[in-house]
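These notes concern the structure reproduced below.
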Amino acid sequence: MTATDTALQAAPAQKARGYWATVGRRLTRDKVSMVCAFVLLAILLAALFAPYLHLADPYQGSMVRRLRHIGTPGYPLGTDELGRDMLSRLIYGGRLSLLIGILPVVLAFIIGTSLGLVAGYAGGWLNTAIMRTVDVFYAFPSVLLAIAISGVLGAGIVNSIVSLTVVFVPQITRVAESVTTGVRNLDFVDAARASGAGALTIMRVHMLGNVLGPIFVYSTGLISVSMILAAGLSFLGLGTKPPEPEWGLMLNTLRTAIYVNPWVAAMPGVMIFAVSICFNLLSDGLRSAMDIRN
């Protein structure tokens, strides 16, 4: 026995790092992704714990103190066109903006993954029926489809969530169906069929874990699009109704003050841009971290 063999036998056994542990380790090394995650976490926590931050009433205004500039004593980010504290309205507005931006993607992720998994595994006429129906909605531009559905349903938070969910379901379904088709005939699926497992068991136990990663990464990237579309609906009067604080609605109400106090009028747009770009960069970082071949 050589010295090398002796050293190998004496060395303690190390547990192999799992796939998701490797992805998490690679993601934490991405400085851009970590900065974006920190910014998003700070905004989310501020929105959730807004009542405990001792902020001014976001609904109480005063025509005497309207359109105060940034840095005014007592109003760090100034006031809006009705004299309401901008800092308070931006933080409280994050609640509705994040809700309308994230919840439709979560719902579309659940529905679209289910439809794509069934279509990709079943194939045949069921795949044709699901995917051709999806293509009908996918043929319309996202903005026009969201506006059309919201216009039919009417303004409101619930209707905005429903319209955005309908917009994103076809996109996620196409990705889920494509990924599922790629693994449908692999050896582990054939082995599960040979063992007598039913179709539902194969999709839920054997296939879902193998196709969930790419679908999740794609859905994460859609959150930035959802934030912009949700703000656009509110800007057009098809989303949140006044006097609720919501970033898109705040842009609409402050657009007439852009020549009087442009910095205050631009603050909701800055928040929309910051959250959208952070979700986009975080999605890119997650995609790179999951590609372990690199």
Side-chain angles (χ1 to χ4, degrees), residues 36-37 39-48 50 58-59 80 84 86 88-112 137-138 140-173 175 216-255 258 265-283:
C36 292
V39 171
L40 292 174
L41 182 61
I43 294 174
L44 179 62
L45 291 177
L48 289 176
Y59 300 98
D80 65 1
R84 297 170 294 194
M86 279 294 295
S88 177
R89 288 186 64 80
L90 286 174
I91 293 178
Y92 275 93
R95 290 181 157 190
L96 289 177
S97 297
L98 291 173
L99 175 66
I100 303 175
I102 297 176
L103 186 56
V105 178
V106 174
L107 296 176
F109 174 78
I110 296 173
I111 300 172
F137 293 94
Y138 197 76
F140 295 93
S142 300
V143 177
L144 296 181
L145 183 59
I147 293 174
I149 297 175
S150 295
V152 173
L153 297 178
I157 298 175
V158 176
N159 293 339
S160 296
I161 294 174
V162 171
S163 63
L164 292 177
T165 301
V166 174
V167 168
F168 294 129
V169 163
Q171 303 178 31
I172 297 178
T173 301
V175 174
F216 178 76
V217 172
Y218 179 78
S219 300
T220 305
L222 287 180
I223 296 179
S224 59
V225 180
S226 181
M227 293 290 301
I228 296 174
L229 290 180
L233 291 178
S234 296
F235 183 86
L236 296 174
L238 297 173
T240 310
K241 300 178 181 179
E244 294 294 335
E246 197 273 336
W247 296 338
L249 182 61
M250 292 169 66
L251 273 178
N252 184 19
T253 57
L254 282 167
R255 72 183 190 279
I258 194 170
M267 289 304 298
V270 171
M271 294 300 297
I272 296 171
F273 173 79
V275 172
S276 299
I277 197 67
C278 283
F279 271 118
N280 203 3
L281 293 175
L282 184 60
S283 175

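Quick note: residue numbers are just sequence positions, from 1.
Across every non-hydrogen atom of A47 and G94, the tightest pair is CB-C, 4.0 Å. Between L249 and T240 the shortest heavy-atom distance is CD2-O, 3.7 Å. Heavy atoms only, all atoms of each residue included: C36 and C278 are closest at CB-O, 3.6 Å. Residues F137 and L145 share a closest heavy-atom pair of O-CD2, 3.7 Å. Nearest heavy atom pair, residue S276 against residue M227, reads OG-CB, 3.7 Å. For I172 against V105, the heavy-atom pair with the smallest separation is CD1-O, 4.3 Å.
With sequence neighbours excluded, the residues satisfying side-chain hydrogen bond (donor to acceptor under 3.5 Å, both in side chains) with S142 are Q171.
Between the side chain of N280 and the backbone N or O of S224 there is no donor-acceptor pair closer than 3.5 Å. Counting only distance, with no hydrogens or angles, the side chain of S163 and the backbone of S160 share a donor-acceptor pair below 3.5 Å. In this structure, the side chain of R255 engages the main chain of N252 through a donor-acceptor pair within 3.5 Å. Judged by distance alone, the side chain of S283 and the main-chain N or O of V217 form a donor-acceptor pair under 3.5 Å. Between the S234 side chain and the A231 main chain, no donor and acceptor come within less than 3.5 Å of each other.
Note: L251 CG to E246 CD = 9.0 Å, rounded to the nearest 0.5 Å. Note: R95 CZ to I43 CD1 = 15.0 Å, rounded to the nearest 0.5 Å. Put simply, CG on L40 and CD1 on I277 are 11.0 Å apart, with the number rounded to the nearest 0.5 Å. Between the CG atom of L238 and the OG atom of S150 there is a distance of 5.5 Å, given to the nearest 0.5 Å. A distance of 9.5 Å separates CD1 of I223 from CZ of F168, quoted to the nearest 0.5 Å. Between atom OG of residue S97 and atom CG of residue L90 there is a gap of 9.0 Å, rounded to the nearest 0.5 Å.
Using a 4.5 Å heavy-atom cutoff, the side chains of I258 and L254 are not in contact. Two residues are said to be in side-chain contact when any heavy atoms from C-beta on lie closer than 4.5 Å; I102 and F279 meet this criterion. Side-chain contact check for L233 versus L229: every heavy-atom pair is 4.5 Å or farther apart.
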### Task
Evaluate the criterion side chain to side chain contact (heavy atoms under 4.5 Å, CB included) for residue pair V143 and I147; output intermediate values, then yes/no.
CA-CA 6 Å; V143 177; I147 293 174; 3.8 Å; yes
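Counted within 6.0 Å of CZ on F140, heavy atoms from surrounding residues, nucleotides or ligands total 12 or fewer; the atom is thus considered open.
Results of the side chain to side chain contact (heavy atoms under 4.5 Å, CB included) test with P58 over R89, E244, R84, M86 single out R89 as the only residue that passes.
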